[in-house]
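The structure appears right after this line, and notes come after that.
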Amino acid sequence: MVVHTALLIDVDYSVREGKTKVRLLMKGKKKMFRLYDDYEPYFYLDAPKSEKETIEKTSTNFRGSVAKVVRVEEHEIQFGAHKKKLLKIYAEHPFHVPALRDALKDYEAYEHRIPFGKRYMIDKGLAPFTLVTYERERQQIRKILKVRESGPVKLRMLAFDIETYNPHGAPRPELDPAIMVSYADEKSGVFTWKETGKKFAHKVNDEKEMLSAFCELVKNNDAEMILGYNSASFDLPYLKKRADVLGVKLPLGRDGSDFRKMQRGIRDVVKVTGRLHIDLYPVVRFLGAIGALKVSKFTLENAYEEITGKKKHMVKRLEIWQMWDSDEERKELAEYSLHDAEVTLEIGKIVLPLEIEMSRLTKTPLFDVCNSSTGQLVESLLMYRSFEHGMLIPNRPDEGEVKRREANPIQGAFVKLPSPGIYDNMVVFDFRGLYPSIIMAHNIDPYTLDCDCCKPDGHKSPTGARFCKKKKGLVPTVLGDLIGKRAELKDKLKGLSRDSEEYNVLFARQQALKILNNSFYGYLAYARSRWYSREAGESVTAWGRQYIQDTIAKAQETGFEVLYGDTDSIFLLMGEKKKEDAISFMKKINSELPETMELELEGFYPRGVFVTKKGNEKGAKKKYALIGEDGRIKIRGFELVRRDWSDAAKKTQRAVLSAILKDGSKEKAVSVVKEMVGRLKDGKVPLEELVIYTTIRKDPAKYELLSPEIAAARKAIKRGMKLGSGSMIGYVITKTGASISDKAEVVDFAKDYDANYYIEHQILPSVMKILKELGVSEDDLKFKGTQKGLGGFF
DNA sequence: GCGAGCAGCGTACCT
DNA sequence: ACAGGTACGCTGCTCGCG
């Protein structure tokens, strides 16, 4: 028997010759390969021992064949705060588990809805990107000897993108051919079947040859990771459909198969056999949503430009077919196509290190990490750690329970109402990792709740809930490990050169840790969570409110005026106080806090703006702009950070804020607005600056109420555009129509703009709230010519 | 019949 | 398909006035 070591990449299972095999995708020194292992599916049943023999004889019909109980064992397991005796029911195939559970539904079942690949990994202590040492015979594992951490992961990446012929707007895969397939690894190029005159383009005879040339490339380059952008929903299914229509194969997989398309929740995912197919679109969306990347619009162009700060070559989507038909423009199309693949590769190189670290950390295969929500990531880690502690993994709630939980949300954070105005000299403090540190400080966990051992003592939450002081809960244990790891990493990073490979890996790791640490509270309060606890979640926020409000009170006692605060932050006016006073206040607070908690200095700000709410003299929460000592402007909540406002309005608002904060000049602020109003009136503003973007979350036909974006989308659909649930609509308010919705047109179809709308509904509302603080009225802005009494303000 | 005022829908943001 | 708190635009309804 020979001993081997290889890197674990992915795990799933298959049924071969009636036997269930766990399939492991491994990476050896040179190649990726598959290994097989045997593992017996099982689940638990809360049934008395006396039922063991009856249960052993249970069998049921499963899709025309028989699913039977293989054997039953008695098993004692930690169940919440107590131990419990359960029956462990073994089955022949993973898909027999739900069938048998249903046949035995007189008893409560546990751990019956854990994907078999995950079950195997948990039970064997395997994790992706670890080195596995094993004995094997052919491709079959005999014995796993050792699992250990691995260094940097290097997989051969190949990014690709396709162009399609689209004379009718959206391309129709059964009729419209694919015209180009571009790729990028160390080299990049384009396969196409018409002359482009470009050196990087490989011209073949027809579409069929283009498909096979691309598959050959994947095979010859031995691509281990195939990267695309929206490739699971568009490129790969499109190529497959074309291959079907043309009667050829699409051998992308290592075994010559094409791919398997599956549904993950509402999402399409595509697995290519023996390679890792990663669609970067959901990855960018995910990282954008949690704020790890600052991306406002998730097209490839926009994501690339916002992530890298570089410009991307663009063509108009609707004109691709014309470019293909024109001998002159086809060159440009080929360049665009090439660039798409290169840009996809570049995005991949930026986001994958973080995803790989997330994969290691949550012990979830990279493919799944790239298609997961934070909830699934936290759940994965907790399941793994729960098993390690010999604890039963709680069930997911049924739909009824989910509805009940959702109907009864818990109270969240405290937000202090600011007084509108322009202020000088502020200091901002925030609690470092407020919710995670509260969970740690008070041992908050579903199973430390109301423990018997501390009664009536314990950590008492402001809600009245009580948490154990003696035994650490699962959530605080796991979270504590992660927080500890992150602190260690941050220390280590200080000593490393910023462009070393080690720095990059460790930086990505601490980023992954941060994301995960901040997700535990959300998971406790998540309606579909296995570890949901209303009391625990409620206690986290209640303590949070208490800490921030206590800090506000203490700041006031110390003589600071507290202007604003949100969840974990406080904004203080320095008044006559010095920086040292602020620092000593912070130190005093910290000396009184539990050990895991800390108030940090966020920064000193020479000037800041807070505005009123619309139609109301009260201050607006979550909307402010500050200028730091380094001159950098920090803006939150204003229209200019929102994608559903036109660039023209955002640009003007930014200029106004900058004039006030940087230059302290009211005149400058006013003149910027007047200039924009003038240019709008004169019809000089280009349409691009007037586009309003918004996402539609439903099928456009399913809205009961008409809104501008829906009206625009419906009109565009009639003209052949493909817009559905999740589409980003970019529309312009044109001159034609009665209501705003009537006037709204998707930008591709807009011919003019309604200057009055943009002045009255975009520019003025976005700047008036700010200028009002300077005593400027709306009329001051609408008329050309010099105004009396608009001198400098400061 | 008409405009003001408001509720409700919907989206995006903040922490 | 991690949480809740918040602002705000647009539509379409209600209501008071004439």
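Computed from a predicted structure; not experimentally measured.
- A:Lys650 places its NZ atom 15 Å from the C1' atom of C:dG9, with the value rounded to the nearest Å.
- Which of C:dG5, C:dC2, B:dA12 sits closest to the side chain of A:Val415 comes down to C:dG5.
- The CD atom of A:Glu538 sits 12 Å away from the C1' atom of C:dG4 (whole-angstrom rounding).
- Under the 30°/60° scheme for interplanar angles, the aromatic rings of A:Tyr526 and A:Tyr523 are found to be tilted.
- Separating the CG atom of A:Asp430 from the C1' atom of B:dC14 is a distance of 13 Å, rounded to the nearest angstrom.
- Looking at heavy-atom distances under 4.0 Å, A:Trp531 makes no contact with the nucleic acid at all.
- Within the nucleic acid shown, A:Gln411 comes within 4.0 Å of sugar-phosphate atoms alone, with no base atom in reach, counting heavy atoms only.
- Applying side chain to side chain contact (heavy atoms under 4.5 Å, CB included) to A:Ile393 and the options A:Glu379, A:Arg113, A:Arg530 leaves one that passes, A:Arg530.
- We find that CG of A:Leu705 is positioned 9 Å from P of C:dT11, with the value rounded to whole Å.
- Closest to the A:Ser739 side chain, of the nucleotides C:dT11, B:dT11, B:dC13, is C:dT11.
- When distances are taken from the side chain of A:His761 to each of C:dC10, B:dA12, C:dT11, the shortest belongs to C:dC10.
- Between B:dT11, C:dA3, C:dT6, one nucleotide has an atom nearer to the side chain of A:Tyr521 than all others, and that is C:dA3.
- DNA chain C is contacted by both A:Pro708 and A:Gln376; A:Gln376 maps to the nucleotide lying nearer its 5′ end (nearest heavy atom per residue).
- Side-chain atoms of A:Ser519 lie closest to C:dC2 of the nucleotides C:dC2, C:dT11, B:dG10.
- Rounded to an integer number of Å, the gap from CD of A:Glu602 to P of B:dC14 is 14 Å.
- Distances from the side chain of A:Ser373 to the nucleotides C:dC2, B:dA12, C:dG9 place C:dC2 closest.
- Within the nucleic acid shown, A:Ile410 comes within 4.0 Å of sugar-phosphate atoms alone, with no base atom in reach, counting heavy atoms only.
- Contact between the side-chain N/O atoms of A:Lys623 and the OP1/OP2 oxygens of C:dC8 is found at a separation under 4.0 Å.
- In this structure, of C:dC2, B:dC14, B:dT11, it is C:dC2 that holds the atom nearest to the side chain of A:Ile290.
- Distance, A:Arg642 CZ to B:dC13 C1': 5 Å, rounded to whole Å.
- Distance from the side chain of A:Thr695 is smallest for B:dT11 among the nucleotides C:dT11, C:dT6, B:dT11.
- The NZ-C1' distance, from A:Lys403 to C:dA1, rounds to 11 Å in whole Å.
- For A:Thr374, counting side-chain heavy atoms from C-beta on, the closest listed nucleotide (C:dC2, B:dT11, C:dT11) is C:dC2.
- If you run side chain to side chain donor-acceptor pair (under 3.5 Å) between A:Arg528 and each of A:Glu406, A:Glu401, A:Glu399, only A:Glu399 comes through.
- Note on A:Lys743 versus A:Asp754: salt bridge recorded, some NZ/NE/NH1/NH2 to OD/OE distance being below 4.0 Å.
- Nearest-nucleotide positions on DNA chain C place A:Phe520 closer to the 5' end than the other of A:Phe520 and A:Phe414.
- One atom, CZ of A:Arg534, and another, P of C:dA3, lie 14 Å apart when rounded to the nearest Å.
- Aromatic ring orientation, A:Tyr624 versus A:Phe571: perpendicular (interplanar angle above 60°, classes split at 30° and 60°).
- Backbone-only engagement by A:Lys698 is indicated by non-hydrogen atom pairs under 4.0 Å involving sugar-phosphate atoms exclusively.
- Closest to the side chain of A:Lys622, from the set C:dC10, C:dG5, C:dG12, is C:dG5.
- Exactly one residue among A:Lys769, A:Lys772, A:Lys623 makes a side chain to side chain donor-acceptor pair (under 3.5 Å) with A:Thr612. That residue is A:Lys772.
- Contacts of A:Arg636 with the nucleic acid, taken as non-hydrogen atoms under 4.0 Å apart, involve only primed sugar atoms and P, OP1 or OP2.
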